[in-house]
Amino acid sequence: MRKKIVAGNWKMNMNLEEGLSFAKTINQYFDEKPSQKTEVILCTPYIHLNGVSEIVKKGKVALGAQNCASEDSGAFTGEISAGMIKSTGAQYVIIGHSERRTYYHENDALLNKKTLLAVNNGLKVIFCCGEVKEERESGKHLDVVRRQLQDGLFSLSGSDMSKIVIAYEPVWAIGTGLTATPEQAQDMHHYIRGLVKEKYGREIAEDLTILYGGSCKPSNAAEIFSKPDVDGGLIGGASLKKEDFVAIVEAI
Ligand code: PEP
């Protein structure tokens, strides 16, 4: 049975004190819910990683970063490597978020490099893909996502692929209040699983967790998560409020 996951992407929100206090609240909540089987991941800004790692160490909540460098080490001022992220105790890193693709011009080749570095440094990767509004409207969304996966991800070996979580995030739904319909999410997730099956075989495809992301909230989460190929969510805005985030996790 593949893993159900809800990951919160804090983006560039909360100072150190606010982030640690929020992580404590979330960690405590899920520690008191031993029956909760969904994996909960907090993807924090870099500055929170070490502190949040201490907070969640003995609990059930996992920790991730939102990006990593495309080089292993050296003279890259301001960058944070996959190895450094791993050394904080984090287990995950988000790669290929649409905000990185758009604002920092990260292309498929660069994302492929980052993904390989992350996996080689012992991190699991939440690899994001998704089309913009014009691509959906012109019926190119399947081709766009296929190219993102082929060029960004499919150079991985089968055993490395088992360390990947794919997040389908239609760009037109991120932070906009617009959400893909449960049918649109299911169709794309089914398509993605099919591509992975073609490349890596049935077992790896069936074990792959595919998350939906894009204006997921307590009022729409249960319906989206009820689809057979939707294995959870990557949550932005709603991950910053305890009540909303918890309700989304519990919607699974
Ligand atoms: C995200 O940042 O990955 C995301 C899905 O954001 P939001 O939930 O705010 O649309």
Side-chain angles (χ1 to χ4, degrees), residues 4-14 19 22-23 26 38-46 48-49 52 62-68 90 92-104 106 111 114-115 118 123-133 135-136 141 144-145 148-149 152-153 164-182 184-186 188-189 192 209-225 227 229-252:
K4 303 273 185 196
I5 294 177
V6 173
N9 173 15
W10 291 4
K11 311 197 190 200
M12 195 174 71
N13 289 295
M14 293 194 276
F22 186 62
I26 297 289
T38 302
E39 174 156 36
V40 175
I41 309 171
L42 300 180
C43 296
T44 76
Y46 292 132
H48 299 91
L49 289 174
V52 174
L63 175 64
Q66 301 169 14
N67 179 34
C68 70
Y92 285 90
V93 59
I94 298 174
I95 291 182
H97 192 281
S98 72
E99 286 151 19
R100 303 250 13 129
R101 291 178 188 262
T102 306
Y103 305 141
Y104 302 98
E106 297 194 355
L111 297 173
K114 290 189 177 197
T115 302
L123 291 169
K124 291 181 257 187
V125 172
I126 301 174
F127 188 90
C128 301
C129 58
E131 79 287 355
V132 299
K133 190 160 164 268
E135 291 163 341
R136 161 79 47 181
H141 48 293
V144 168
V145 167
Q148 290 172 339
L149 297 180
L153 209 50
I164 303 292
V165 171
I166 293 179
Y168 168 56
E169 299 207 301
V171 181
W172 47 272
I174 298 179
T176 59
L178 296 173
T179 317
T181 64
Q184 284 172 327
Q186 167 58 24
M188 182 61 90
H189 285 221
I192 291 171
T209 296
I210 308 179
L211 308 180
Y212 168 79
S215 298
C216 210
K217 38 189 184 266
S219 58
N220 59 27
E223 212 190 338
I224 297 173
F225 295 164
K227 295 293 174 190
D229 286 294
V230 180
D231 308 311
L234 178 55
I235 317 300
S239 75
L240 299 171
K241 266 180 73 185
K242 181 198 160 195
E243 290 70 27
D244 287 356
F245 187 57
V246 159
I248 292 171
V249 175
E250 292 178 348
I252 295 194

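Both counts, for ligands and for their atoms, begin at 1 and track the order of listing. Sequence positions, counted from 1, serve as the residue numbers for this chain.
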Review point. Is Y92 close to I5 at the side-chain level, that is, under 4.5 Å between some pair of heavy atoms?
Key: yes
Please tabulate, for side-chain N and O atoms in residues 236-249, each donor-acceptor pair with protein atoms closer than 3.5 Å (sequence neighbours left out).
residue	atom	partner	partner atom	Å
S239	OG	I235	O	3.3
S239	OG	G236	O	2.8

Practice item. Determine the sole option in L211, L111, L234 for which the side-chain contact (heavy atoms from CB on, under 4.5 Å) test with C128 is passed. Key: L234
Practice item. For ligand 1, would you mind listing the residues that have at least one heavy atom less than 4.0 Å away, ordered by chain and number? Key: N9, K11, H97, E169, A173, I174, G175, G213, G214, S215, L234, I235, G236, G237
Check your understanding: Listed by chain and number, what are the side-chain hydrogen bond (donor to acceptor under 3.5 Å, both in side chains) partners of E99, not counting sequence neighbours?
Key -> K11
Side-chain donor-acceptor pairs under 3.5 Å in residues 165-175, sequence neighbours left out?
residue	atom	partner	partner atom	Å
Y168	OH	E131	OE1	2.8
Y168	OH	E131	OE2	3.0
Y168	OH	R136	NH2	3.1
E169	OE1	H97	NE2	3.4
W172	NE1	E131	OE2	2.9

Check your understanding: Between atom CD1 of I224 and atom NZ of K217, what is the distance when rounded to the nearest 0.5 Å?
Key -> 8.5 Å
